[in-house]
Amino acid sequence: MIGAGARAGGTVGSPIGIALAVRLWLNLGMCNRFRMTAAQAELAQRYGVAMPFAPDQEAPPPELFPDRSAFVVRHDDSGARVLDTMRWGFPHQVPGKRIDKATGRPVLLEKRITNVRNYTSPFWRSALRQPSRRCLVPFTAFSEYAQTRGEDGKLPLHWFDVPSQPITSFAGVWRPTDTGPVFAFLTTEPNPLVAPIHPKAMPVLLHQGDEERWLTADEPDALALAVPFPSQLMRLDFTS
């Protein structure tokens, strides 16, 4: 949610604006836990990924959190779909509370930005503009925390899935880094099913027929897919 920086008093793309956005994002805790319980062979069949896989491919754990590895589907240079593992969250440095005595400036801390909300932010534009940097993030369920604490003092965790698409895709972007490729996925306004639980946002879910469009279309056409998924096709709290 880089755009939160501008609304909080910083200019979009400025160091102050981005730092504020990251701090706000850390407090929201949204869209930061999902499940991918399907086997690797199921993913290959679902996404039309050719076998065999790379010998060093490792299956991530079924429940995913920021800064952990997850499966990602993208196009390689030949246009074929490939199944990769990438770490969740674009790295970004923000000022910490500790002051560097040598410089008198705050020590920079690396944070992981997992959600893309302001599609016009310079932080995301290079990835969104290039189809080769868009990807599909497979999931079988995603979660959102409610905004009101329960009797136990904790925020209730609610899970959502799409029964008609047991393996569904988030609309994602990725980029290489010095420590390996990373990904994030887009968020949008919540639909009527998600809004009562998490009114700020929900992930951008793709219909299976729109996945290739997300991977190949020009930027305006691809971003037209960044809309709330139909709530009537989703299910809530099927495991809670």
Side-chain angles (χ1 to χ4, degrees), residues 2 31-32 34-62 64-92 112-117 119 121 123-142 162 165-188 203-227 229:
I2 284 294
C31 313
N32 285 327
F34 68 93
R35 290 173 178 161
M36 182 47 255
T37 58
Q40 189 173 354
E42 292 180 78
L43 287 175
Q45 184 176 21
R46 161 69 171 81
Y47 290 99
V49 175
M51 298 182 72
F53 305 111
D56 59 349
Q57 184 77 288
E58 295 182 358
L64 288 309
F65 298 88
D67 205 22
R68 305 285 181 85
S69 293
F71 282 123
V72 168
V73 178
R74 63 174 181 85
H75 280 161
D76 64 14
D77 292 339
S78 70
R81 288 187 176 186
V82 293
L83 186 64
D84 278 343
T85 54
M86 301 183 186
R87 289 174 71 189
W88 184 11
F90 277 40
H92 180 70
R112 294 272 167 176
I113 306 180
T114 59
N115 302 151
V116 185
R117 184 63 188 277
Y119 312 144
S121 167
F123 191 84
W124 302 114
R125 284 301 299 277
S126 61
L128 289 169
R129 187 180 295 118
Q130 303 177 64
S132 62
R133 290 292 168 82
R134 296 191 213 122
C135 62
L136 308 173
V137 183
F139 73 93
T140 51
F142 74 92
V162 181
Q165 289 183 181
I167 302 174
T168 306
S169 301
F170 297 130
V173 292
W174 73 279
R175 71 174 174 87
T177 71
D178 292 340
T179 58
V182 296
F183 76 92
F185 54 75
L186 279 65
T187 63
T188 187
V204 173
L205 281 56
L206 296 172
H207 296 280
Q208 187 169 346
D210 289 331
E211 291 170 348
E212 189 65 15
R213 178 180 166 192
W214 173 251
L215 293 175
T216 60
D218 59 21
E219 185 181 12
D221 189 27
L223 287 179
L225 298 172
V227 296
F229 198 78

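- Across all their heavy atoms, Pro66 and Thr114 have their closest contact at CB-CG2, 3.7 Å.
- Between the side chain of Arg134 and the backbone N or O of Trp214, at least one donor-acceptor pair lies under 3.5 Å.
- Annotation for Glu212: atom CD counts as buried by contact number, over 12 foreign heavy atoms lying within 6.0 Å.
- Taken to the nearest 0.5 Å, the CZ atom of Arg74 stands 5.5 Å off from the CE atom of Met86.
- Looking at Tyr47 and Phe71, their side chains never come closer than 4.5 Å, going by heavy atoms from C-beta outward.
- Nearest approach of Phe142 to Pro203, heavy atoms of both residues: CE1-CD, 3.5 Å.
- Side chains of Trp88 and Val137 form no contact here, defined as non-hydrogen atoms less than 4.5 Å apart.
- Of the possible polar contacts, one joining the Gln165 side chain to the Gln208 backbone as a donor-acceptor pair under 3.5 Å is found.
- Between the Gln130 side chain and the Ser126 main chain, a donor and an acceptor come within less than 3.5 Å of each other.
- In plain terms, the two heavy atoms of Cys135 and Val173 that are nearest each other are SG-N, 3.6 Å.
- Here the rule is ring pair (Phe, Tyr, Trp, His ring centres under 6.0 Å) with Phe90, and of Phe183, Trp124, Phe185 only Trp124 fits it.
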Legend entry - Full working for side chain to side chain contact (heavy atoms under 4.5 Å, CB included) between Leu223 and Leu128: CA-CA 8 Å; Leu223 287 179; Leu128 289 169; 4.2 Å; yes
Inset, instruction - Apply side chain to side chain contact (heavy atoms under 4.5 Å, CB included) to the pair Arg46 and Val73, showing each step before the final yes or no. - result: CA-CA 11 Å; Arg46 161 69 171 81; Val73 178; over 6 Å; no
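- Looking at Arg213, its side chain does come within 3.5 Å of a backbone N or O of Asp221 through a donor-acceptor pair.
- Across Ser69 and Leu64, no two heavy atoms sit closer than the pair O-CD1, 3.0 Å.
- The closest donor-acceptor contact from the side chain of Thr140 to the backbone of Thr37 lies under 3.5 Å.
- Across all non-hydrogen atoms, the minimal contact from Leu136 to Ser169 is CB-OG, 3.9 Å.
- Side-chain contact between Arg112 and Pro91 is present, with heavy atoms from C-beta onward closer than 4.5 Å.
- Taking 4.5 Å as the limit, every side-chain heavy atom of Arg87 sits out of range of all side-chain heavy atoms of Thr177.
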Inset, instruction - Show your reasoning for whether side chain to side chain contact (heavy atoms under 4.5 Å, CB included) applies to Leu225 and Leu206. - result: CA-CA 7 Å; Leu225 298 172; Leu206 296 172; 4.1 Å; yes
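- For the residue pair Gly48 and Arg81, the shortest heavy atom distance occurs at O-CB, 4.3 Å.
- Side-chain N or O atoms of Trp174 include one that pairs as donor or acceptor with a backbone N or O of Ser132 at under 3.5 Å.
- Note: Phe139 and Phe170 have parallel aromatic rings, judged against thresholds of 30 and 60 degrees for the angle between ring planes.
- Using a 4.5 Å heavy-atom cutoff, the side chains of Thr188 and Tyr119 are in contact.
- Atom CG of Asp218 has more than 12 neighbouring heavy atoms from other residues, nucleotides or ligands inside a 6.0 Å radius.
- Counted within 6.0 Å of CZ on Arg68, heavy atoms from surrounding residues, nucleotides or ligands total 12 or fewer; the atom is thus considered open.
- A 4.5 Å side-chain heavy-atom check between His75 and Thr216 finds at least one atom pair inside the cut-off.
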